[in-house]
Engineer: 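Handing you this structure, nothing more for now.
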Amino acid sequence: MIKSEHFFWLVGAVFLVMAAQMVMDRTNPRRFGSAGFWGLLGAAFFYSTGVVDKSLPAEPLGVAVLLLIVLGGCGLTGKGESHTPPREKRAASAALLGNKLFLPALTIPVVAMICATLVKDWKIGGEPVLEPGYETILGLGVGAVAALVVGMVLLRERKVSVPLHSGRNMLESMGWALILPQLLSVLGSIFQTAGVGEQVRRISEAVLPDGQQFVAVAVYCCGMALFTIVMGNAFAAFPVMTAAIGWPVLIEQMNGNAPAVLAIGMLCGFCGTLVTPMAANFNLVPAALLELKDQYGPIKAQLPTAAALLVCNVAIMALFAF
């Protein structure tokens with residue numbers, strides 16, 4: 001049976017191989033910091049298996065996370081010379097292949113869907129082929145491997161080292177921002193466990209004037225956007241603001257329509273996603289991959305849209321959610 005740990009070990013192994021490549025890359029002035037960052041992350045994928053089954057203590061993982069923060073936050077990671085072909089050669093290859101370039105990307109969701117719907121029922125010797133409950137994430141891993149094979153066949157590439165070097169270049173370009181969403185999701189759980197939502201609720205009830213429905217709506221909507229800007233994830237901000245204002249004030253006290261209030265509240269959070277560097281996978285990573293001169297270019301371009309959408313969401317909730 002293929003278990004979820006196998007997928008995580010594969011990811012960790014890729015990080016460790018790329019960390020070894022970084023150590024050997026003398027063109028990177030911060031090669032040891034980069035190798036340490038991604039090597040620690042790769043080792044964590046293996047070590048966490050022991051933490052989950054309680055055969056190993058969890059404290060070293062916490063230390064590893066703190067070291068990752070120090071390495072990334074102090075600018076100890078860097079980028080070496082690119083091993084990818086020049087831009088002109090890549091453009092010519094892209095023009096030659098045309099829409100075939102989408103085949104590797106499309107392979108991943110197709111294989112994931114097949115694994116989640118068909119392969120999950122397959123059994124060998126009475127045991128399922130894929131670990132029950134993890135068919136989708138295992139399908140994602142199998143799809144990624146299949147996409148690699150499709151890409152190599154499409155480009156007639158015979159050396160696995162070529163995509164590994166290209167992946168390392170992409171990893172160094174994105175840097176620490178690649179794992180920011182995972183760290184922020186943990187921050188959301190910490191906020192919830194620490195009772196931040198309850199404290200915000202008490203402050204809001206003390207400050208909000210009684211019966212001022214529009215003010216409460218505006219506070220909830222803008223709070224969702226602001227918390228998302230801070231936390232980088234609307235899903236992390238949602239339980240905090242909903243526990244503080246959305247449910248006790250707008251729904252219970254003011255008899256708001258629960259589906260409308262909660263759905264529009266999430267849309268307000270997404271307005272914050274458009275304007276925060278904390279949402280690295282949406283804003284900073286694309287700028288790095290596209291080699292934009294201004295890493296905050298996507299945020300500046302999205303700011304007017306985000307502001308207009310937030311105003312519209314406030315108006316829609318005030319008019320139609322009660």
Side-chain angles (χ1 to χ4, degrees), residues 37 41 44 48 58 61-62 64-75 77 174-205 207-208 216-251 258 261-288 295-314 317:
F37 185 93
L41 185 61
S48 59
L61 270 184
V65 171
L66 293 177
L67 289 175
L68 290 176
I69 293 172
V70 171
L71 289 170
C74 295
T77 60
M174 292 185 288
W176 57 265
L178 180 68
I179 65 170
L180 186 58
Q182 287 74 27
L183 295 176
L184 292 174
S185 66
V186 175
L187 179 62
S189 300
I190 293 173
F191 272 31
Q192 187 66 13
T193 304
V196 174
E198 176 63 21
Q199 298 304 317
V200 173
R201 181 188 67 79
R202 293 179 180 179
I203 295 172
S204 302
E205 289 181 347
V207 174
L208 286 174
V217 168
V219 170
Y220 176 58
C221 293
C222 294
M224 273 295 300
L226 290 174
F227 262 80
T228 301
I229 290 173
V230 172
M231 304 174 77
N233 192 323
F235 292 98
F238 182 75
V240 175
M241 288 305 302
T242 299
I245 302 175
W247 189 266
V249 178
L250 297 180
I251 296 174
V261 170
L262 302 181
I264 298 171
M266 280 297 295
L267 292 176
C268 294
F270 297 149
C271 294
T273 302
L274 293 173
V275 297
T276 175
M278 302 297 281
N281 52 330
F282 290 104
N283 299 326
L284 295 186
V285 170
Q295 64 174 332
Y296 299 111
I299 293 177
K300 294 175 182 178
Q302 293 164 175
L303 183 58
T305 302
L309 286 175
L310 182 59
V311 172
C312 291
N313 286 328
V314 172
M317 184 181 294

Engineer: With side chains defined as the heavy atoms from C-beta onward, is the minimum distance between L262 and F238 less than 4.5 Å?
Structural biologist: yes
Engineer: Quick check: closest heavy atoms across M317 and G265, and the distance to 0.1 Å?
Structural biologist: CE-N, 3.7 Å
Engineer: With rounding to the nearest 0.5 angstrom, report the CD1 to CD1 distance, I245 to I251.
Structural biologist: 12.0 Å
Engineer: Enter the distance from C221:SG to L310:CG here, rounded to the nearest 0.5 Å.
Structural biologist: 7.0 Å
Engineer: Give me the atom names and distance for the closest heavy-atom approach of M241 to M224.
Structural biologist: CB-SD, 3.7 Å
Engineer: Any idea which heavy atoms bring P277 and Y296 closest together, and the distance?
Structural biologist: CB-CE2, 4.0 Å
Engineer: How long is the straight-line distance from CD1 of I299 back to OG1 of T276, given to the nearest 0.5 Å?
Structural biologist: 6.5 Å
Engineer: Any chance you could measure C271, atom SG, to Q302, atom CD, to the nearest 0.5 Å?
Structural biologist: 11.0 Å
Engineer: Give me the atom names and distance for the closest heavy-atom approach of G272 to T228.
Structural biologist: C-CG2, 4.0 Å
Engineer: For the residue pair W247 and A258, what are the closest heavy atoms and their distance?
Structural biologist: CZ3-CB, 4.2 Å
Engineer: So which of T273, V275, L274 actually passes side chain to side chain contact (heavy atoms under 4.5 Å, CB included) with I229?
Structural biologist: V275
Engineer: Mind running side-chain contact (heavy atoms from CB on, under 4.5 Å) on Y220 and T242 for me, showing each step along the way?
Structural biologist: CA-CA 8 Å; Y220 176 58; T242 299; 3.1 Å; yes
Engineer: How many angstroms lie between CG in L250 and CD1 in I264, if you round to the nearest 0.5 Å?
Structural biologist: 10.5 Å
Engineer: How many angstroms lie between CG in L309 and CG in L267, if you round to the nearest 0.5 Å?
Structural biologist: 8.5 Å
